[in-house]
Every structure is written in structure tokens, then in C-alpha cells.
**Q** 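Here you go, one structure.
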Amino acid sequence: MERDCEQGIFNNTSPSDQGSNQSDSDNREGHRSKSSGKSQKGYLQGMKQKVLAYIKTNKKGIKVNYIEFIIYTIFLLIVTIGTFGQINNMRYWYTKLVDDLFVKSPFEEGIEEINFKDLSRVTHFWKFAETVMIDGLYWNFEDDTQQPVGYMLQDSKLIGVPRLRQVKVRSDSCIVPEAFQRLYTTCYDLYSSGKEDKEPFGPGIGTAWTYSTEKKLHGSSHSGIFSTYGGGGYYEDLSLDRSETIEKLLTLKNNRWITRGTRAIFLDFTVYNSNINIFLTVKLVFEKPPVGGMITSSLRRIVKLHHYVTGFDYVIAVCECMFVVFTVFYTIEEIVEIVVLKHKYLHSLWNFLDQIILVLAYAIICFRLYSYKVIEPQIIQVIGEEKFTDFDSIGLYQVTYNTTTAVLACLTLFKVFKYTRFYDTMSQFSMTLARCSTEIAAFLCMFLIIFIIFAQLGYLLFGSQVKDFRTLPTTVSTLSRATIGDFDFLAVEEASPILARFFYISFVFLVFFILLNVFLAIITDSYAGVRSLEPTLKSFIGSDIHHGLNNLTSQLGYERKNHSEDDNKDNDKYTYKEIKKFLLKKNVIDVEDDLFLNIYDTDEENKQNKK
């Protein structure tokens with residue numbers, strides 16, 4: 001190609017402004033005056049000289065790119081230290097120890113041994129409360145003559161007292177069919193706030209027999225296996241003394257505290273271990289579904305309230321202060337970009353990622369301020385009191401905070417790809433996804449339709465007999481695991497041998513043998529197309545050698561091959577392949593590529609080849 005091609009690259013005029021066909025181009029050439037032609041040529045030459053001079057002499061852009069990358073690396077390091085520095089590696093062993101103590105400890109029921117997970121009857125609950133619960137909450141210190149009060153696992157202190165609470169439904173919460181009304185005079189449905197029983201029962205005196213609202217108890221709702229239960233109900237606060245707790249349990253058992261209308265029983269307590277500076281909130285749930293029996297579940301949450309204790313904690317405090325400074329700095333940077341770029345700011349997906357990171361950063365700052373100013377002072381006040389303290393809201397706060405920091409840490413690390421996209425290999429990966437984005441979108445639609453078909457089929461066929469298909473969301477999760485080979489075929493075959501084989505073979509054939517291979521074929525074909533072209537971008541590192549070439553790339557989206565020291569001379573030319581690389585980098589392909597090249601191509605040989 002001749003110099004006209006090179007001038008077209010640096011010309012700000014779009015191809016559509018220069019004419020949509022060859023006839024319009026000839027008419028403009030015929031009516032163009034000599035003076036205007038010289039003026040246009042001089043303008044292009046001047047622009048070219050300025051750009052080449054910028055590449056040659058302006059090394060400030062290199063330093064700006066380096067500084068930006070270094071600053072972000074420091075920010076990433078601060079986020080990493082702040083996130084992982086607050087994680088105690090003993091948290092797993094602490095929850096496992098409590099799990100072994102309450103959930104996995106066996107007790108005798110008749111001639112068999114069962115544990116918390118095997119509970120299925122009300123009698124099992126009372127046996128569990130009288131044995132495992134009592135032994136777990138009130139630890140026996142064999143090496144001490146004087147038994148300390150309110151300790152379990154030797155080094156864990158009970159914060160307040162444990163609480164037993166239940167929620168009930170009314171006896172008319174559902175309708176008995178007319179044909180069976182002679183046999184059934186009452187009906188107890190699944191729990192819901194509109195069907196909750198709030199009337200006194202039993203002795204009718206005391207909190208265990210009279211209803212208390214969620215607001216009065218400062219409680220919160222809990223999502224169980226069958227329903228979401230409110231924070232109110234009938235409750236009995238136990239004691240820090242073992243004998244007093246046993247006496248309260250016997251009173252509840254003898255007066256039939258658990259009735260037909262009981263839908264869930266909760267055992268809540270919180271312990272604190274000073275050795276690792278961690279609070280552990282425990283909730284053991286016993287649900288009574290309308291079909292009868294009892295289903296158990298448990299919830300354990302780690303809470304760290306006192307953040308600044310050791311020397312490393314103060315290092316984290318410094319990182320938190322620097323995190324605030326960086327958040328403000330990047331906020332100002334984004335505001336400046338919005339003002340300068342205006343609507344063009346929305347054209348880059350990286351800018352949306354920056355916005356998400358800033359939102360998460362401000363959320364974390366608000367969480368920490370709220371914890372430091374509100375939550376921690378409240379907890380310190382109630383630590384020494386012998387009354388129940390509801391840690392459910394605090395545990396939920398901790399889970400939300402941990403989730404937010406985890407997402408922020410992942411997104412900040414993902415943003416590193418923004419600075420590595422100038423590498424040849426990284427550029428090939430991004431272009432591979434860009435070239436096949438339409439095909440992937442179509443494939444995902446097809447895959448989703450087929451996946452929903454099998455989810456509905458599995459739920460309708462096996463939902464009444466197989467646990468993994470008991471609900472539609474559970475079925476979706478089961479089939480998602482099946483795509484990576486985790487599928488319990490024997491359980492499905494036991495429910496229905498013939499239908500199980502049909503379901504399994506059809507799913508494997510369509511999903512594994514066809515759809516997944518189609519997906520791989522789309523990616524492979526796109527990657528092969530990118531690899532068939534020459535490398536599109538040079539490494540960002542080493543830009544000092546190219547005298548600011550990468551900084552110009554960030555502005556114009558174009559990078560040249562190695563040239564001699566005479567880059568600013570007038571006889572520099574761009575080849576057809578170089579322009580094609582430029583278009584590929586800008587994700588301009590197919591029709592747009594040909595239109596652009598037809599406008600600026602003066603190489604007759606290339607034109608003949610295209611024809």
C-alpha cells in the first residue's frame with residue numbers, strides 16, 4: 001500500500017464521511033480544487049508528524065502507564081492484606097469441633113444409637129436435649145476441682161444463656177376435605193406468618209406458654225428446609241447452671257410443650273474463644289413438617305468483632321485507612337473520566353467494572369464504620385450479663401460483610417486483565433471471545449432450553465422419591481452437578497429403573513455428546529481464526545524500547561512493528577496486514593473490514609486478489 005493508506009489511519013474522518021461508493025468518491029475528486037487538496041494534504045501531513053513526534057520523544061506517557069499499573073498493584077495488595085488478614089485459619093477447626101459436639105455426637109434411643117441428623121420423632125428431640133445438649137453446653141472439667149460456670153470446650157465461654165424457641169400454626173390453618181371431616185376435626189398446614197398460632201397454651205403462664213413478637217425478642221426470621229420462620233414465638237431461656245437447665249427441660253417435657261401445631265424448634269447460643277478472638281453463633285433447627293416426623297438442620301457463623309488486638313491487627317488497620325484513601329482517589333479519577341469522555345465513558349466494559357468495585361468499596365467502608373461504632377459497643381455491654389443475646393442479625397451482618405469483601409477481592413484481581421490485554425496471548429484470548437460472542441449467546445439459549453426441559457422432567461418423574469429431585473431448584477442444582485459427572489444414578493434407578501435409564505441416556509447424549517462439543521467447537525473455531533492471523537499487539541512491558549508506542553496504542557488502539565530510528569520520516573508506510581491487525585484489535589470484522597480497506601487500498605495487486 002502507498003502513503004494514502006497511512007494517512008487514512010491517522011485521519012479523523014470516518015469511512016462513511018468519505019463516501020459510500022466509488023462513484024461518489026470520483027465526483028468529489030473531480031470537483032476538488034487544487035488549493036483545497038493542498039490544504040487537506042498539509043493537514044494530514046501535519047497530523048502525522050505530530051503523532052510520530054509524540055511516539056519518538058514523549059516518554060511521559062510511558063511513565064503514566066507504569067505509574068497507573070504500580071498504583072493499582074499497591075491497591076490490590078492492600079485489598080488482599082485487608083481481606084485475608086482478618087481470616088483466622090482456626091475458624092474451620094472451631095466450627096468442626098462444635099459440629100462434632102452437637103451434630104455428630106451419638107446418643108442411645110432404645111437399642112440403637114442416633115445423632116442429631118437422625119432425629120425423626122419428638123421423643124428423639126427430648127432424648128437429645130437431655131443428653132447431647134446438656135453435655136455439650138455444660139462442660140465437665142475433669143482437671144479442675146472448682147467447675148467454672150458458663151464454659152464449654154474448656155476455653156469457650158457462653159455469651160448469655162441458651163434459648164429454646166418454637167413457632168406454631170393454628171389448628172384451622174388448612175381445610176379438611178368434606179369427605180374426611182368426620183375423621184379429622186383439625187388441620188395443621190405449613191408455617192406462614194398468616195397461619196401462625198399466637199394463643200396461650202398449656203399452663204398459659206410464662207414465656208414458654210405465651211406468644212412473644214419478633215420485635216419484643218429482637219429476633220430475625222430464619223429460612224429452613226420447608227419454610228421461612230418468623231423471629232417470634234414461644235421461648236424458654238435456659239440457665240448457665242446445669243441442674244437448673246435440666247429442671248426447665250423436664251417442665252417443658254411434662255407439660256407437652258411440643259404439640260401437633262409445632263412447626264419448628266430452635267436452640268440458639270453463642271460462644272466466645274479468647275485464644276483466637278472469635279465468636280461462634282450456633283442455631284440448631286428441628287422442623288416438624290405437616291407429614292409428621294422431624295427434620296433437623298444447623299447453622300454456624302463465625303463473627304470477629306474486636307479487630308485490633310495483636311500487632312498485625314494494627315497493620316490491617318493501616319491498610320484499611322489506605323483503602324479509604326485509594327477509594328476516594330479512584331472515585332475522583334472516575335468522575336474526571338466521566339466529565340471528559342461523557343457518553344463515550346459507557347463504551348468500555350472496564351469502566352463498569354470500576355463502578356462495581358467502587359460501590360463494593362464504599363459498602364465495606366460503611367460496614368466497618370457501623371461495626372466499630374454500633375455493633376461492638378453493644379456486644380461489649382451484654383457480654384457479662386446472664387441473659388440471652390440474639391446474634392442472628394450480627395451473624396447475618398458478618399456473612400454480608402464477608403461476601404462483599406470476597407467479591408471485591410475477586411473483582412480487583414480480575415481487573416489485572418485490563419493491564420495484561422496488551423500481551424499477544426492475552427489479546428488472542430479476548431479476541432477469541434469477542435469473535436464468537438454471538439455464537440456463544442445463541443448456544444446458551446439453546447442449552448438453557450434443553451436444560452430446563454430435563455430439569456422439569458426429572459422433577460416430575462423422580463421428585464417424590466429421590467432427594468436430589470425433591471424440588472425444582474434442587475433438581476437444577478443436581479443436573480448442574482451432573483454436567484461435571486457428579487450424578488447418583490443408583491438412587492434414580494431405584495425409584496424407576498426404566499425411566500431412569502431413559503432420562504440418564506438422553507441427558508448424557510444431548511448435553512455431553514452434543515451440546516458441550518458444540519460449545520468447544522465454537523471456541524476452537526474462533527481461536528483458530530485468531531491464530532491464523534499474525535500477532536496483533538506487542539508486549540506492554542518494554543515500552544521504553546519503543547519510545548512511547550504503547551501509550552499511543554492506548555489512545556489510537558494501534559501498535560506498529562519494530563521500526564528504525566527514522567520513524568518520523570515521511571517515507572514510512574503501513575502494510576495491508578498492519579491495517580488488518582488494527583481492525584482486528586478494534587473488533588471490526590467481516591463487512592466493515594472490507595469496506596474500510598476498499599476506501600484506502602491503493603495496492604492494485606491486493607484489489608485484484610480481492611476480486
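Residue numbers run from 1 in the order of the sequence given.
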**Q** Return yes if a side-chain donor-acceptor contact under 3.5 Å exists between Q398 and N402, otherwise no.
**A**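 Yes, side-chain donor-acceptor contact under 3.5 Å.
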**Q** Using the ring of each side chain (for Trp, its six-membered ring), is F469 parallel, tilted or perpendicular to F487, with breaks at 30° and 60°?
**A**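 Aromatic pair F469/F487 classed perpendicular.
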**Q** Can you see which heavy atom on F352 is nearest to which on L346, and at what distance?
**A** CE1-O, 3.3 Å
**Q** Kindly determine whether L396 and D392 satisfy side-chain contact (heavy atoms from CB on, under 4.5 Å), including the steps that lead there.
**A** CA-CA 6 Å; L396 181 60; D392 279 351; over 6 Å; no
**Q** Test side-chain contact (heavy atoms from CB on, under 4.5 Å) on L479 and T483 and set out the steps.
**A** CA-CA 6 Å; L479 294 183; T483 58; 5.9 Å; no
**Q** Taking all non-hydrogen atoms of both residues, which atom of A361 and which atom of F323 are closest, and how far apart?
**A** CB-CZ, 3.5 Å
**Q** What pairs of donor and acceptor atoms, side-chain ones from residues 509-520 against any protein atom, are under 3.5 angstrom apart with sequence neighbours left out?
**A**
from, atom 1, to, atom 2, distance (Å)
N517, ND2, F512, O, 3.0
N517, ND2, F513, O, 2.9

**Q** Between side-chain atoms of residues 439-451 and protein atoms elsewhere (two or more places apart, or another chain), which donor-acceptor pairs fall under 3.5 Å?
**A**
none

**Q** Are the side chain of S227 and the backbone of Y229 linked by a donor-acceptor contact shorter than 3.5 Å?
**A** no
**Q** Determine whether a donor-acceptor pair (N or O, by modelled atom type, separation under 3.5 Å) exists between the side chain of Y94 and the backbone of I276.
**A**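 No, Y94 side chain to I276 backbone: no donor-acceptor pair under 3.5 Å.
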**Q** Once rounded to the nearest 0.5 Å, what's the spacing between atom CD1 of I78 and atom SG of C321?
**A**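 Taking CD1 in I78 and SG in C321, the distance rounds to 10.5 Å.
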**Q** Can you name the side-chain contact (heavy atoms from CB on, under 4.5 Å) partners of S506, sequence neighbours left out?
**A** F454, F502
**Q** Determine the minimum heavy-atom distance between V303 and G395, stating which atoms define it.
**A**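 The answer is CG2-CA, 4.0 Å.
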**Q** Return the CE to SG distance between M431 and C436, rounded to the nearest 0.5 Å.
**A** 12.0 Å
**Q** What residues form a side-chain hydrogen bond (donor to acceptor under 3.5 Å, both in side chains) with D486, not counting sequence neighbours?
**A**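 If we apply the side-chain hydrogen bond (donor to acceptor under 3.5 Å, both in side chains) test to D486, skipping adjacent residues, the hits are R481.
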**Q** When you measure from the side chain of S477 to the backbone of P473, do you find a donor-acceptor pair of N or O atoms at a distance under 3.5 Å?
**A** no
**Q** Any non-hydrogen side-chain atom of L433 less than 4.5 Å from a side-chain atom of I523?
**A** yes
**Q** According to side-chain hydrogen bond (donor to acceptor under 3.5 Å, both in side chains), does anything in residues 325-336 pair up with another residue at least two apart or in another chain? List the pairs.
**A** T331-Y362, E334-Y345
**Q** Return the orientation label for the Y401 and Y397 ring planes: parallel under 30°, perpendicular over 60°, tilted otherwise.
**A**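 Y401 vs Y397 ring planes: parallel.
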**Q** If I compare all heavy atoms of R301 with all of V399, which pair ends up nearest, and what's the gap?
**A**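 Looks like NE-CG2, 3.7 Å.
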**Q** State, to 0.1 Å, how close T475 and G458 come at their nearest heavy-atom pair, and which atoms those are.
**A** CG2-C, 4.4 Å
**Q** Tell me, do F367 and Y372 make a side-chain contact under 4.5 Å, heavy atoms counted?
**A** no
**Q** Looking at D468, is its backbone amide N or carbonyl O close enough to the side chain of T478 to form a donor-acceptor pair, meaning the two atoms are under 3.5 Å apart?
**A**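 Here the side-chain-to-backbone pair exists.
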**Q** Going by side-chain hydrogen bond (donor to acceptor under 3.5 Å, both in side chains), name the residues that satisfy it together with K415, two or more places apart in sequence or in a different chain.
**A**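 D354.
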**Q** Tell me, do E337 and K344 make a side-chain contact under 4.5 Å, heavy atoms counted?
**A** no
**Q** So T270 and L280, side-chain contact (heavy atoms from CB on, under 4.5 Å) or not? Walk me through it.
**A** CA-CA 6 Å; T270 302; L280 177 63; over 6 Å; no
**Q** Using 0.5 Å steps for rounding, measure from the NE2 atom of H343 to the CD1 atom of I338.
**A**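 CD1 of I338 is found 13.5 Å from NE2 of H343.
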**Q** Can you establish whether the number of heavy atoms outside F329 located under 6.0 Å from its atom CZ is more than 12?
**A** yes
**Q** Measuring from L369:CG to I375:CD1, what's the distance to the nearest 0.5 Å?
**A** 11.5 Å
**Q** Is the shortest side-chain heavy-atom distance between E320 and I364 below 4.5 Å?
**A**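 A side-chain contact under 4.5 Å is absent here.
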**Q** Rounded to the nearest 0.5 Å, what's the gap from CG on L349 to NZ on K418? Could you check?
**A**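 Answer rounded to 0.5 Å: 11.5 Å.
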**Q** Could you pull out the closest heavy-atom pair between A409 and T83, with the gap in Å?
**A**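 Closest approach of A409 to T83: CB-OG1, 4.1 Å.
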**Q** Would you sort out whether I394 and T281 count as a side-chain contact (heavy atoms from CB on, under 4.5 Å), showing the intermediate values?
**A** CA-CA 9 Å; I394 298 175; T281 64; over 6 Å; no
**Q** Got a donor-acceptor contact below 3.5 angstrom from the Q355 side chain to the N351 backbone?
**A** no
**Q** Within this structure, what is the CG-CD1 distance for the pair L457 and I452, rounded to the nearest 0.5 Å?
**A** 13.5 Å
